[in-house]
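Here's the structure we're looking at; comments come further down.
So you know, we letter chains A, B, ... as the sequences are listed, proteins then strands, and number each from 1.
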2 protein chains.
Amino acid sequence: MTEYRVTFLPDGKSIEVEEQTTIAEAAQKAGVYINNLCGGEGVCGECRVKVVKGEAEPHENASAFFSQQELDAGFVLACQTPVHSDLEVEIPPESRLEEEQIITAGEQWPTPEPGEEAPEVSLAPFKPLVRKIYLELPRPTLEDNITDIERVARELRRKIGWHSYDITLHCLQNLSDNLREHDWKITATVVKDKGGYRIQQVEPLDTSHRNFGVAVDVGTTTVVAQLVDLRTGRVSGIEGAHNMQAQYGEDVISRMIYACGKGGLHPLHKAIVENINSLIEKLVKASSISREDINAIVAAGNTTMSHFLLGLTPCAIRLEPYVPTADVYPQILASEIGIQINPLGILETIPSVASYVGGDIVAGIAACGIADHPKVQGLIDIGTNGEIAIGNNEWLVCCSASAGPAFEGGGTRCGMRATRGAIEKVQVKNGEVVYSTIGNAAPRGICGSGLIDCIYELVKNKIIASDGKFNRDRKDSRLRVQDEIPEYVIAPAEETETGQPIVITESDIDNLIKSKGAVFAAIKSLVEYIGLTFDQLDTFYVAGGFGNYLNIPKAIGIGLLPDIPHEKIKFIGNSSLTGARMALSSEAAFEKCLAVAKSTTNVELSNYQPFMDEFVAALFLPHTDHRLFPSVKY
Amino acid sequence: MTEYRVTFLPDGKSIEVEEQTTIAEAAQKAGVYINNLCGGEGVCGECRVKVVKGEAEPHENASAFFSQQELDAGFVLACQTPVHSDLEVEIPPESRLEEEQIITAGEQWPTPEPGEEAPEVSLAPFKPLVRKIYLELPRPTLEDNITDIERVARELRRKIGWHSYDITLHCLQNLSDNLREHDWKITATVVKDKGGYRIQQVEPLDTSHRNFGVAVDVGTTTVVAQLVDLRTGRVSGIEGAHNMQAQYGEDVISRMIYACGKGGLHPLHKAIVENINSLIEKLVKASSISREDINAIVAAGNTTMSHFLLGLTPCAIRLEPYVPTADVYPQILASEIGIQINPLGILETIPSVASYVGGDIVAGIAACGIADHPKVQGLIDIGTNGEIAIGNNEWLVCCSASAGPAFEGGGTRCGMRATRGAIEKVQVKNGEVVYSTIGNAAPRGICGSGLIDCIYELVKNKIIASDGKFNRDRKDSRLRVQDEIPEYVIAPAEETETGQPIVITESDIDNLIKSKGAVFAAIKSLVEYIGLTFDQLDTFYVAGGFGNYLNIPKAIGIGLLPDIPHEKIKFIGNSSLTGARMALSSEAAFEKCLAVAKSTTNVELSNYQPFMDEFVAALFLPHTDHRLFPSVKY
Ligand code: FES
Ligand code: FES
């Protein structure tokens, strides 16, 4: 019998085989692996190869597996194709052993909306956790009578990658009728889960445009939700609201006390679910879509918020030895906790590192790409806690310090969150105050970034001293005493929306000094803990609910951020939300979150003496040790 | 610095390392893999090794990972143990890469109850799909403050194997309180799913004795359920009932026609669910357990029954090209289809091979171990279909032929299923009939095995001829004509429970000849299809709802089974039920079912001419070609 040589690419192994041997058998002899799920029956399509030199005819049923273009390019099923000339056969990645597919063609990380920082994208290709894939299936014949669901899976493999797909009972129900009544045209909803891919639902005809997701930042003070079109990656809306849990306590600790006392967990769980439902309601209305079009939610929050969201008691988090129920959370149906989207829509919760370093910071790390770069970078997320992460693509450490609500607009007389009417920039010139508000509306209060500007300007203009006390001798009509409390008027009553003046009191300043002191002390302790100095940080990302804006030099000026070259500090807004959106839109980003949560080392500051010392030393504007802030000149 | 030699067993690789290097680092240098889930933090416990020579001290927290016995035996965590002498270190299987654990100690396949055939067990160690494991957890400390669920998983790894465990939201809810209120004593319910293991539930205190499963054979005629104690493997009860779907049609085809016509799927789905619920009700009452103690059901049925059970339309199964919705079914909660057991209890459905070779035959193949042995063996499951499988540990082929309900006690005047009061053995001697009934009760009818005996005896005694017609000339008081139909009286009216005589009519005989003809023709066609002859079969298992008994020589005598040495034919009763019970009780058996379903080749007889020819030739007692039955001498 004639023998022919078959060479396998890319690894170049070759073998002589008798005529009529199949390519699959030749590969086996040559010790080259080709997928072979159906055992060479020609029904699974796993053994696709490309004949690049020599002649090979596609087998009878080949059009069920390949597009015309692929057939023209020489694609055949290895198990169905006999050798009758010398061949060079290329084994494409999908036919090799279990290599993860990366889809790039036509799918790119979306252009961010105006006002939104572009995330690092190179390692997070667009591939949402839930995809809807429109399929036109070949009709079954006596020669090709695999089951309906296997026919769906086979077409999915051709279209989006050669995985094995889990199935749900739901996707089987009515499948037979749906296929036959709608001309074999269906849309499959494919969900990524930790273990792999699952066909969640099969709908008749093309519904692939009805696929939205919601990224949620569950903050202690505010909850923000972003609607994402999962077909394109485009952000179609954003809404925010106060965390309705505030009625049970301003900060995390008081809410835990409420939940673990007679109040119980339920009201706090319910509050956050209602928060999210009402944000979704708004998003859906504004975009004229239906709730059923939302198939996925990714939520990022601190560990306690994640527990509240999922209905898990956070009681052991609060007490030594600080133990959460879980730090990696299962994927669930959003409906299981009463969130009203598609009944088969999923909810993923970004994993936490530890009791006080939650999914919000993990999402933030993913959003700014710290874990992807060789250079050491830092991230600080300033909310009611200041959470800090430092690291690179080899290691990550993090810590957390209680900052109080000042930076989110809480705990100060006229504080408010960064929404319309909040004073966000302040300048004092010759005794005159120039401010601007979000949305250029009449001022209603002052948000975190306005507060930082304000304190900086007051010190700079010697209205307050380095210890935070008003310089009472100073003649300034804005500096006054009301009910024995000295205060400084930022916006007089006649300018404000409420008719009440917007002021800063000495106790506001005191609060802010404690907040910024805790944050700075935490940064410094962590940097020194890992044996670095500030100047070894390549980039320092600052995130937080300040609004759209943070004046870096002024934040350094009050001693909140370390005095490093300003261009190394980047304000990135709500990185928790950005990270949640990335995880929603990119499997790789979601997996990065899991990897970050697993590999980050938490440094517990609560009993760490160097932190205590740093904290006390930082209760000054900018700092008791002025050498730490050489660039700050008042 | 001093260097020491570390040798790793079992593969014997060795390396010199500096003092204080950890065993894990040494292994890495030596190119020996040790699990390392937590990255060497000493918290995951994945890197357990046994120091068999040399000195190594367990680290501080070692008692969280090892029993005293293990510590005494030299177990340490590789990542936490510095080298300070020459060492020989054994890497136990659980610390090696992803090798599947086989648990043997203390867990053995149960002794079968009296009257039950022992299944092949060597390849199906007892390890139920759902296990309840009682755990006493070490309390968390500041040094050991992993999350609650990770603490549960860590202890599970120690106790039942080193897997990663999926979690459900349910197992997290109340976990924190349950642990702390019950002294860290809990019972975890662990479920095997296709992908791996899942912690399904965590209950306070020790509930491990409350773990039962139910194996169900969903037959077209009868439904049989067996209660299994999943802690011991013991069978605690068995109940059977007529398939309540019979009201919509006697056989599978007429039920499909009903379901696919105006009747709809729902009544058939509901009927079988109610069937199972009422069997469970009986089992639970008889064993004085609670429905909530049942955590798993494994159901085996033909492809159509499996579809009905899961609420999937079987309509495309009936028509060319015979396409089921699915042949591998997802694991679901039994409650999803209304089966009343523990709300978190699972239901697995044994996968099918094809439209007319279902999970019942797959379970049967697993039960008799055909796929595990090098010698060629056969299995025939005789119900309303005769399904035949032939093969060995390298290949399997199967086919199916419609046999009609005769062998299950249907379609004949006095037929009944094999329950109390059924005539199961018949002998005719000198014109006298000797019979025995199931339970030695007064006869109520005649079951499949009784019918076979009967026909054989009637031919042997020349009461009927080889063509199945009564020898009307014969003088025999039992041979009579009623309403113009000749019949033979097996039990006269005065002996029966009903007061009606139990008789065999000519049309009963005719039915039986057609049934046995179809079965024999199918066996012969399949054997010849694969190029074998009968005498190449090492063993031929016969299963079916005949009751506890089938007389092999008589079954050969009427031409139902091939004429091979009698000792090669083994009657194994309800192998579908046995296989379902094995799958329930042994992960390996369940996986075997999956493998069998995937790898078995179905031979479609419906258009296969040799089968038609064989069928016609077999419509005789024993056969038109008497040379095929040399041992049969009437
Ligand atoms: S191996 Fe399945 S089609 Fe070739
Ligand atoms: S690697 Fe995790 S305990 Fe050693």
Side-chain angles (χ1 to χ4, degrees), chain A residues 37-39 41 139-151 164 166-177 179-180 193-196 198 307 310-317 320-333 336-337 352 354-355 598-599 601 604 607, chain B residues 37-39 41 139-151 164 166-177 179-180 193-196 198 307 310-317 320-333 336-337 352 354-355 598-599 601 604 607:
Chain A
L37 186 62
C38 69
E41 291 292 321
R139 278 152 205 283
T141 61
L142 267 182
E143 291 68 46
D144 174 30
N145 64 354
I146 56 173
T147 64
D148 289 339
I149 188 66
E150 191 42 46
R151 185 169 305 271
S164 83
D166 276 348
I167 53 175
T168 62
L169 183 60
H170 192 277
C171 77
L172 296 180
Q173 280 162 342
N174 304 317
L175 177 61
S176 174
D177 292 342
L179 288 171
R180 287 166 181 81
D193 200 351
K194 272 144 209 142
R198 183 176 64 237
H307 276 57
L310 295 175
L312 309 177
T313 174
C315 303
I317 293 179
E320 228 188 74
Y322 316 115
V323 177
T325 298
D327 49 20
V328 177
Y329 311 95
Q331 182 187 92
I332 62 170
L333 294 181
E336 286 180 64
I337 55 166
S352 311
S355 280
K598 261 196 184 162
S599 64
T601 304
E604 183 57 56
N607 300 313
Chain B
L37 187 64
C38 69
E41 290 293 322
R139 278 151 205 282
T141 61
L142 268 181
E143 290 69 47
D144 174 30
N145 64 352
I146 55 173
T147 64
D148 289 339
I149 189 65
E150 192 41 47
R151 185 170 304 271
S164 82
D166 277 347
I167 52 175
T168 62
L169 183 59
H170 192 277
C171 77
L172 296 180
Q173 280 162 343
N174 303 318
L175 177 61
S176 174
D177 292 343
L179 289 171
R180 287 166 182 81
D193 200 352
K194 271 145 210 139
R198 181 175 66 237
H307 277 56
L310 294 174
L312 309 177
T313 173
C315 303
I317 293 179
E320 228 187 74
Y322 317 114
V323 177
T325 299
D327 50 20
V328 177
Y329 310 96
Q331 181 186 93
I332 62 170
L333 294 181
E336 288 180 62
I337 55 167
S352 310
S355 280
K598 263 196 183 163
S599 64
T601 304
E604 183 58 53
N607 300 313

Residues 168-175 of chain B side chain polar contacts: donor-acceptor under 3.5 Å, at least two apart:
| from | atom 1 | to | atom 2 | distance (Å) |
| --- | --- | --- | --- | --- |
| B/T168 | OG1 | B/H170 | N | 3.4 |
| B/T168 | OG1 | B/C171 | N | 3.0 |
| B/T168 | OG1 | B/Q200 | O | 3.4 |

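- Nearest heavy-atom pair across A/N145 and B/P321 is ND2-O, 3.0 Å.
- Ranked by non-hydrogen atom pairs under 4.5 Å with chain A, the options B/T601, B/L310, B/D144, B/D166 are led by B/L310.
- With a 4.5 angstrom heavy-atom cutoff, B/R180 touches chain A only via side-chain atoms.
- Neither the backbone nor the side chain of B/E604 has a heavy atom closer than 4.5 Å to any heavy atom of chain A.
- Neither the backbone nor the side chain of A/Q331 has a heavy atom closer than 4.5 Å to any heavy atom of chain B.
- One finds the CG atom of B/D177 at 10.5 Å from the CG atom of A/L312 (value rounded to the nearest 0.5 Å).
- Between chain B and the options A/D327, A/I332, A/L179, the largest number of non-hydrogen pairs under 4.5 Å is found for A/D327.
- If you measure heavy-atom distances from B/I146 to chain A, the contacts under 4.5 Å come from the backbone alone.
- Taken to the nearest 0.5 Å, the CG atom of A/D148 stands 5.0 Å off from the OG1 atom of B/T325.
- Residues B/L142 and A/Y322 are in side-chain contact: their nearest non-hydrogen atoms beyond the backbone lie under 4.5 Å apart.
- By the side chain to side chain donor-acceptor pair (under 3.5 Å) test, A/R139 is found to be paired with A/D183, residues two or more places apart in sequence or in another chain being considered.
- Comparing A/V323, A/V328, A/I149 by heavy-atom pairs within less than 4.5 Å of chain B, the highest count is held by A/V323.
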